[in-house]
Student: 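The structure under discussion is supplied below as structure tokens; questions concerning it will follow.
This structure is a prediction, so every number in the text was calculated from the model and none was measured. Letters A, B, ... are given to chains in the order of the sequence lines, protein chains preceding strands, and every chain is numbered from 1.
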Protein chains: 2
Amino acid sequence: MNKGISKAVIRRMPRYYRYLGELLENGVERISSGELSERMQVTASQIRQDLNNFGGFGQQGYGYNVQFLYDEIGKILGLTEVHNVALFGVGNLGQAIANYVSSEKLPFHMIGLFDVDEKKKGRIVSGIPVMMLDEFEDFNRTHRVDIAVLTLPKDAAMPVAEHLVDLGVRAFWNFAHVDLKVPKGVVVENVHLSESLMQLSYNMTGR
Amino acid sequence: MNKGISKAVIRRMPRYYRYLGELLENGVERISSGELSERMQVTASQIRQDLNNFGGFGQQGYGYNVQFLYDEIGKILGLTEVHNVALFGVGNLGQAIANYVSSEKLPFHMIGLFDVDEKKKGRIVSGIPVMMLDEFEDFNRTHRVDIAVLTLPKDAAMPVAEHLVDLGVRAFWNFAHVDLKVPKGVVVENVHLSESLMQLSYNMTGR
DNA sequence: TAGATTGTTAATCGATTAACAATC
DNA sequence: TAGATTGTTAATCGATTAACAATC
């Protein structure tokens, strides 16, 4: 299952989740696709189509129960289990991301920080001591690492990723400016800050 | 001009730019859409279509001159002028982004850092002293701020953005987990880390 | 029941790919 | 010139929107 759902739909799901979470905080119990459509600035039709990729979560004449829908989307997004995260490259960005992951209330758990710079060894970031990259193989024997964050210089990203794939890592959150080549079954989510900045820059021109 | 070009095309331009930059570093002088297609894993047809939204940069029987195409895409993306950047919210992420912007060789120039926390006042980040938010109005009189980076808690983002819009800021790079409502003519580029993480999480499930 | 709103099919719109004539 | 490869039109594919019957 879960097959054949377009990337466009998946990109929208976290946003639904965020809006439903806010409604929940505000004590809203039910919402129609029409109301949600107005708040989110998308068509009601799209909301109903998107949700119906995963199942019929609403009720005719009533709409959607906010708590129920929120929970269902959480399940769809895989937020019902804790994901163990290890981070590679404890520079400025790496430290910020480590802190960020730990501070978010999402079920992602920072369990290890790795770098190649001896000077960083043992430094505490977000409550965790930095380890050396060559200690990871050992670490990996006693810890299940679900996600590797790559906050490395671009030339280091690919070799490190390859090494981690060999050691069984199956998911990467990649901040390096490269397109990682990984085997089938390994997933990569990119955050390319420079490309985001360039898009902003483009939109500032003529338009 | 520049009108009517789809967001999908714009999203791909920075990636072309990156690949062309690498070719340039490797001393490659010319490339055909076919070769580039293979490297980038997109169709040659798409490359030609994308580029021809902006003009005919190639030559039949030859392909594209790498340096020329690189420069043209740079122009399209607005990378021929320096953009002054001010950042709001000097937390972990804010500091990392400040450092990031300064370290990138792209033409974005960090000129001010603002926070509301008195304890941060005067602290030097990326070579710039942190100022208090209420000093911005003054600062803005003597400096041209092209882009405001928002690395603030979500509840602070909207009020601060509104204030900045009133003071003439026309572009936002938004890291807060909110959809900013801004007047027409003001551009917003979002980096929603939590949504990126959730997409990764989704792709780790069934698929 | 009558009114509201979903789930779903059909229609439209836009983006991607294929094909090929133009041309270097 | 012959070969290569673009620019561009046409065909296909996919995603979004509209419409409405089903149903709570």
Student: Roughly how many Å is it from CD in A:Q46 to C1' in D:dG14, rounded to a whole number?
Tutor: 13 Å

Student: Is there a donor and acceptor pair, one atom on the side chain of B:Q49 and one on the base of D:dT9, closer than 3.5 Å?
Tutor: yes

Student: Does the Lys NZ or Arg CZ of A:R30 fall within the cation-pi geometry relative to A:Y64 - under 6.0 Å from the ring centre and within 45° of the axis?
Tutor: no

Student: Applying the Watson-Crick and G-U wobble criteria at under 3.5 Å, what pairs with D:dA21? Answer none if nothing qualifies.
Tutor: C:dT6

Student: Pick the nucleotide of DNA chain D nearest each of B:Y62 and A:V42; which residue has the one closer to the 5' end?
Tutor: B:Y62

Student: Let me know the distance between CZ of B:R48 and P of C:dC20, rounded to the nearest Å.
Tutor: 13 Å

Student: Just compare D:dT17, D:dT8, C:dT6 and give me whichever is closest to any side-chain atom of A:S33.
Tutor: C:dT6

Student: When the distance from CG of B:L51 to C1' of D:dT6 is rounded to whole Å, what number comes out?
Tutor: 11 Å

Student: Just how far, in rounded Å, is P of C:dT9 from CG of A:N53?
Tutor: 13 Å

Student: Closest approach of A:K154 and A:A176, non-hydrogen atoms and distance?
Tutor: CA-CB, 4.2 Å

Student: Nearest to the side chain of B:T43, heavy atoms from C-beta on, is which of D:dT16, C:dT5, C:dT17?
Tutor: C:dT17

Student: Please determine whether a side-chain nitrogen or oxygen atom of B:Y64 lies at a distance below 4.0 Å from atom OP1 or OP2 of D:dG7.
Tutor: yes

Student: Tell me whether the side-chain N or O atoms of A:Q59 pair up with the base of C:dT5 as donor and acceptor below 3.5 Å, since no angle test is needed here.
Tutor: no

Student: Does B:Q60 have a side-chain nitrogen or oxygen under 4.0 Å from the phosphate oxygens OP1 or OP2 of C:dA22?
Tutor: no

Student: Is the phosphate of C:dT6, meaning OP1 or OP2, less than 4.0 Å from a side-chain N or O of A:R30?
Tutor: no

Student: Once you round it to whole Å, what is the distance between C1' of D:dC24 and CG of A:N65?
Tutor: 15 Å

Student: Got a salt bridge between B:E195 and A:R15, using NZ or NE/NH1/NH2 to carboxylate O under 4.0 Å?
Tutor: no

Student: Would you kindly give the CZ-to-P distance between B:F57 and C:dC24, to the nearest whole Å?
Tutor: 17 Å

Student: From CD1 of B:I47 over to C1' of C:dA15, roughly how many Å is that when rounded to an integer?
Tutor: 16 Å

Student: For the side chain of B:S45, counting heavy atoms from C-beta on, which of C:dT17, C:dT6, C:dT23 is nearest?
Tutor: C:dT17

Student: Starting at NZ of B:K7 and ending at P of C:dG14, how long is that distance when rounded to a whole Å?
Tutor: 15 Å

Student: Taking the six-membered ring for Trp, are A:Y70 and A:Y16 closer than 6.0 Å centroid to centroid?
Tutor: no

Student: So which heavy atom on B:F114 is nearest to which on B:E135, and how close?
Tutor: CE2-C, 4.3 Å

